[in-house]
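In what follows, chains are A, B, ... by sequence order, proteins preceding strands, each numbered from 1. Computed from heavy atoms alone, side chains included, the values below leave out hydrogens, waters and symmetry copies.
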Amino acid sequence: MLDPKAVRSDTTTIAAALEKKGFQLDVAQLESLEEQRKVLQVEVESLQAQRNKRSKSIGQAKAAGEDIEPLLAEVNELKSQLEQIDGKLNDIQARLDDILWGIPNIPDPQVPEGASEDDNVEIHRWGEVPSFDFEVRDHVDLGAGSGQLDFEGASKITGSRFAVMHDQLALMHRALIQFMLNTHTQEHGYREVYVPFVVNSDSLRGTGQLPKFEEDLFKLHGDQAFYLIPTAEVPVTNLLRDEIVPADALPMKFVCHSPCFRSEAGSYGRDTRGMIRQHQFEKVELVQFMKPEDSEGALESLREHAETILQKLGLPYRAVMLCGGDLGFSAARTYDLEVWLPSQATYREISSCSNFRDFQARRMKARWRNPEAKKPELLHTINGSGLAVGRTLIAIMENFQQADGSITVPEVLRPYMGGLERIS
RNA sequence: GGUGGGGUGGCUGAGUGGUCGAAAGCACUGGUCUUGAAAACCAGCGUGUCGAGAGGCACCCAGGGUUCGAAUCCCUGCCCCACCGCCA
C-alpha cells in the first residue's frame with residue numbers, strides 16, 4: 001500500500017508515476033471521496049467528543065445525586081445524529097480503502113518504460129550458450145526417453161499442468177533443493193525457515209496477492225478463507241506482520257523451500273508442453289527485511305545470491321531489469337534472471353528478485369525501532385527466487401543433455417546424489 | 001470431537017459498567033550518586049490518526065450488539081492453554 005497521506009496530497013504526481021505501470025488512477029473520484037471523508041470525519045469526531053463529555057458528566061451528576069433526565073435527552077439527540085453521519089463516513093471510508101488497497105506500488109525512476117516483457121532491459125549475461133552436434137531434445141522428450149518424467153500419470157491423478165518424476169530425476173530434483181538451501185545458509189548468511197503452505201487472507205493481503213489477484217490462487221473450501229501459497233514469499237514475509245523489531249535485529253535474511261501453487265488462470269495455451277508452467281512447483285525463496293536505506297543495495301546482493309546458484313550449476317543465463325509494464329503489483333523494481341533453454345533457443349525466467357520498499361510493510365504493519373526516531377518506522381522488504389527448482393531441473397536436463405539422451409549431473413550436485421555423474 | 005480456563009502496552013500482570021489509554025513489576029531511556037560499574041533514588045516510557053499548538057478521536061484478539069457511557073455485559077468467529085478421545 002502507498003502512504004495514504006501521499007496519495008491524498010500528491011494525487012496527480014502519483015497518478016503520473018503509476019502510468020509507467022499501465023495503471024490508471026481515478027484522480028477525480030479519489031479527490032471527491034477524500035473531500036467528503038474529511039468533512040464527515042471532522043463532524044463525527046466532534047460529535048463523539050461532545051458525547052464523551054456529556055456521558056462523563058452524567059456519571060458525575062449521578063454520583064452527586066442530581067437529576068440526569070435532561071442530560072439523557074440531550075445526549076440521545078447527539079447519538080442519533082452521530083449514527084447517521086458515522087454511517088456515511090464508514091461508507092466513504094470503505095470505498096477509499098478499496099481504492100487504496102488496489103493501487104500498485106510506484107515504480108522506481110530507473111525502471112525502464114515499456115508495456116511487456118519485450119521491453120525489459122538486459123543487464124548482463126553469464127556463461128556460454130551450449131552448441132550441440134546432434135538434434136537437441138527438450139526436457140519432455142529427454143524425460144520420456146528415460147521414463148523418469150511422466151505427464152500422463154500426473155494428468156490421470158490430477159489433471160493438466162502437473163508432473164510425476166521418478167528415480168534419478170526425482171533424486172536430482174531433491175538434490176537441487178538441498179544444494180540451494182545449503183548454499184544460501186552456509187555461504188550467504190540466510191536463516192532457514194519452514195512455514196505453513198496454507199495461509200489466511202490477511203497474509204495474502206499483506207504481500208499484495210489480495211484483494212486483486214484472487215483468481216491466481218487456489219482457495220480451500222471450508223469456513224475459513226484459506227489458500228495454498230503461490231510462493232513462500234507470502235508466509236515468510238508475513239512472519240513480521242504486526243511486529244516491531246529492534247534495529248540490531250536487522251537485516252533479517254530468510255531462505256525457505258516450499259511448494260508453490262498457482263491456478264495459472266489466464267495463461268491457457270501458454271507453455272502447455274512440459275514442466276515450464278505448472279500448478280505445483282518447488283521453489284527456494286530468499287526473503288529479507290531491512291532498514292529503508294539498505295534495501296537498494298540488498299537487492300543487488302540478493303540477486304547475486306540467486307546468480308551464484310546458476311553459476312555453480314554452470315547454467316548460462318542473463319539478468320534483465322523489468323520494464324514498468326512487466327513489473328508486479330507490489331514491486332518498485334525487479335530483476336529477472338533468465339536461464340538458457342536450448343530447446344526453445346531462448347532465455348526463460350528462473351528467478352525474480354524485487355524490492356518492495358515499504359509497500360508490503362505498510363500493508364503488514366511490519367516495523368522497526370529506529371533509535372533516532374521517536375516512533376516505529378516501516379521496514380523494507382525484498383525477495384527473490386533462489387531458484388525455481390522445477391525450471392532449474394529443466395535447464396539442467398536440456399543444457400547438459402548428451403547425444404544418447406543421458407544428462408550429465410553438474411559437479412556441485414553429485415555429493416547430494418551419491419556421486420551419480422549421469423542420468424540415463 | 002468433548003470439557004474447562006484464557007486472549008490487556010516490549011514482557012509479566014491488575015482491572016468486571018463512569019474521571020481507565022489502562023495499576024504494579026520487569027525491561028528500556030535520561031538524570032542524581034560513583035574513579036568506573038552495580039545498587040539505590042528521581043523522571044520518562046504503547047499504536048494510529050487529525051491539528052501549527054493546546055488538544056481531539058480511535059484502538060485492551062477480530063467482527064457485530066446492548067447502554068447516555070464498554071477493557072468490563074451479550075452474540076459470532078479466530079487463536080492459546082489444560083485434561084479426555086482420536087490420530088501421522
Side-chain angles (χ1 to χ4, degrees), chain A residues 1-10 31 33-94 96-101 194-206 210-211 219-227 235 238-250 252 289 358-359 361-379:
Chain A
M1 186 159 66
L2 301 179
D3 183 358
K5 278 188 214 164
V7 173
R8 241 174 261 155
S9 54
D10 303 323
E31 282 175 345
L33 285 171
E34 188 49 44
E35 209 171 298
Q36 295 176 66
R37 195 219 95 234
K38 208 176 255 179
V39 173
L40 289 168
Q41 187 164 333
V42 168
E43 216 168 324
V44 162
E45 287 187 5
S46 96
L47 283 169
Q48 282 172 331
Q50 288 181 56
R51 182 203 58 196
N52 291 348
K53 216 171 179 179
R54 312 265 155 118
S55 291
K56 215 169 257 186
S57 69
I58 287 176
Q60 287 164 346
K62 222 175 174 181
E66 292 164 18
D67 182 17
I68 58 169
E69 277 307 319
L71 285 167
L72 279 179
E74 207 178 332
V75 91
N76 267 322
E77 172 59 23
L78 275 177
K79 198 187 168 190
S80 64
Q81 263 186 66
L82 182 64
E83 269 167 16
Q84 200 198 351
I85 298 169
D86 196 35
K88 276 192 211 161
L89 176 63
N90 285 338
D91 182 52
I92 299 279
Q93 192 63 62
L96 275 168
D97 282 348
D98 282 350
I99 293 172
L100 225 45
W101 282 84
Y194 173 86
V195 294
F197 304 147
V198 173
V199 294
N200 59 35
S201 54
D202 285 343
S203 293
L204 289 157
R205 274 179 91 80
L210 289 182
K219 186 175 187 177
L220 269 43
H221 285 285
D223 324 326
Q224 296 185 61
F226 283 159
Y227 299 80
N238 276 278
L239 280 171
L240 289 201
R241 175 149 52 88
D242 294 318
E243 300 288 335
I244 303 171
V245 299
D248 60 16
L250 299 171
M252 293 172 85
F289 303 90
D358 59 11
F359 187 83
R362 186 174 291 105
R363 292 174 152 244
M364 292 193 301
K365 297 193 186 71
R367 294 166 293 175
W368 66 294
R369 266 188 214 287
N370 180 353
E372 277 144 43
K374 288 190 180 130
K375 306 202 157 207
E377 295 180 353
L378 292 171
L379 287 164

(message) Taking the basic N atoms (NZ, or NE/NH1/NH2) and the acidic carboxylate oxygens, is any pair closer than 4.0 Å for A:Arg367 and A:Glu377?
(response) no
(message) With a 3.5 Å limit on both atom pairs, tell me what B:G9 is paired to, counting Watson-Crick and G-U wobble, or say none.
(response) none
(message) Does a side-chain N or O of A:Asn52 approach OP1 or OP2 of B:C57 to a distance below 4.0 Å, or not?
(response) yes
(request) Check whether any side-chain N or O of A:Arg369 sits under 4.0 Å from OP1 or OP2 of B:U47, and answer yes or no. (result) yes
(message) Say we look at B:U29 and B:G64: how far apart would their C1' atoms be, to the nearest angstrom?
(response) 41 Å
(request) Under 4.0 Å between any heavy atoms, over every strand shown, what does A:Glu74 touch: base, sugar-phosphate, or nothing? Just pick one. (result) nothing
(request) Kindly point out which of B:G69, B:G56, B:A58 is positioned nearest to the side chain of A:Lys79? (result) B:G69
(request) Determine the interatomic distance between P on B:G69 and the same-named atom on B:A58; round to the nearest Å. (result) 12 Å
(request) For B:A22 and B:A27, measure between their P atoms and round to the nearest Å. (result) 23 Å
(request) Starting at atom CZ of A:Arg205, determine the distance to atom P of B:A62, rounded to an integer number of angstrom. (result) 16 Å
(message) Quick check for you: among B:A58, B:G10, B:G18, whose closest atom lies nearest to any side-chain atom of A:Ile58?
(response) B:G18
(request) Sort out the partner of B:A71 for me: Watson-Crick or G-U wobble, both distances under 3.5 Å, none otherwise. (result) none
(request) Round to the nearest Å and state the distance from A:Lys38 atom NZ to B:G51 atom P. (result) 7 Å
(message) Please report the distance separating the C1' of B:G77 from the corresponding atom of B:C86, rounded so that it comes out in whole Å.
(response) 25 Å
(request) In whole angstrom, give the distance that lies between atom CH2 of A:Trp368 and atom C1' of B:U47. (result) 18 Å
(request) Find the partner of B:G1: check Watson-Crick (N1-N3 plus N6-O4 or O6-N4) and G-U wobble (N1-O2, O6-N3) distances, both under 3.5 Å, and reply none if neither fits. (result) B:C84
(request) Indicate whether OP1 or OP2 belonging to B:C50 is found under 4.0 Å from a side-chain N or O atom of A:Arg8. (result) yes
(message) Expressed as a whole number of angstroms, how long is the span from A:Arg241:CZ to B:C79:C1'?
(response) 13 Å
(request) Nearest whole angstrom, please: distance from the P of B:C57 to the CZ of A:Arg51. (result) 9 Å
(message) What verdict does the side-chain contact (heavy atoms from CB on, under 4.5 Å) test give for A:Leu82 and A:Gln50, after you've listed the backbone C-alpha separation in whole Å, the side-chain angles of each residue and the deciding distance to 0.1 Å?
(response) CA-CA 10 Å; A:Leu82 182 64; A:Gln50 288 181 56; over 6 Å; no
(request) Could you check A:Pro376 against A:Asn76 and say which one's nearest nucleotide on RNA chain B is further toward the 5' end? (result) A:Pro376
(message) Suppose you measure atom P in B:G6 against the same atom in B:U72; what distance do you get, rounded to whole Å?
(response) 15 Å
(message) From CG of A:Leu82 over to P of B:A58, roughly how many Å is that when rounded to an integer?
(response) 9 Å
(request) Could you please name the option among B:U19, B:C50, B:A58 that lies closest to any side-chain atom of A:Lys5? (result) B:C50
(request) With C1' as the reference atom in both, quote the distance from B:G55 to B:A23 in angstrom, rounded to an integer. (result) 25 Å
(message) Need to verify one output field. Residue with the more 5' nearest nucleotide on RNA chain B, A:Glu377 or A:Gln50?
(response) A:Glu377
(request) Could you tell me the separation between the CZ atom of A:Arg362 and the P atom of B:U47, rounded to a whole number of Å? (result) 17 Å
(message) Return the pairing partner of B:U47 with a 3.5 Å limit on both distances, Watson-Crick or G-U wobble; otherwise return none.
(response) B:A58
(request) Step by step, work out the side-chain contact (heavy atoms from CB on, under 4.5 Å) result for A:His221 and A:Phe226. (result) CA-CA 8 Å; A:His221 285 285; A:Phe226 283 159; over 6 Å; no
(request) Would you mind reading off the distance between A:Asp86 atom CG and B:G65 atom P, rounded to a whole angstrom? (result) 11 Å
(message) Let's see if you can work this out: which of B:G56, B:C50, B:C68 has an atom nearest to the side-chain heavy atoms of A:Val75?
(response) B:C68
(message) As a test of reading the structure: which of B:U47, B:U19, B:A58 is closest to the side chain of A:Arg367, going by heavy atoms?
(response) B:U47
(message) Can a side-chain donor-acceptor contact be found between A:Ser55 and A:Asn52 if the only test is distance below 3.5 angstrom?
(response) no
(message) Looking only at the side chain of A:Ser55 (C-beta and beyond, no hydrogens), which of the listed nucleotides B:G69, B:G56, B:U19 gets closest?
(response) B:G69
(message) Between B:A43 and B:G48, how far apart are the two C1' atoms, rounded to whole Å?
(response) 26 Å
(request) For B:C75 versus B:U67, give the span between their C1' atoms, rounded off to a whole number of Å. (result) 16 Å
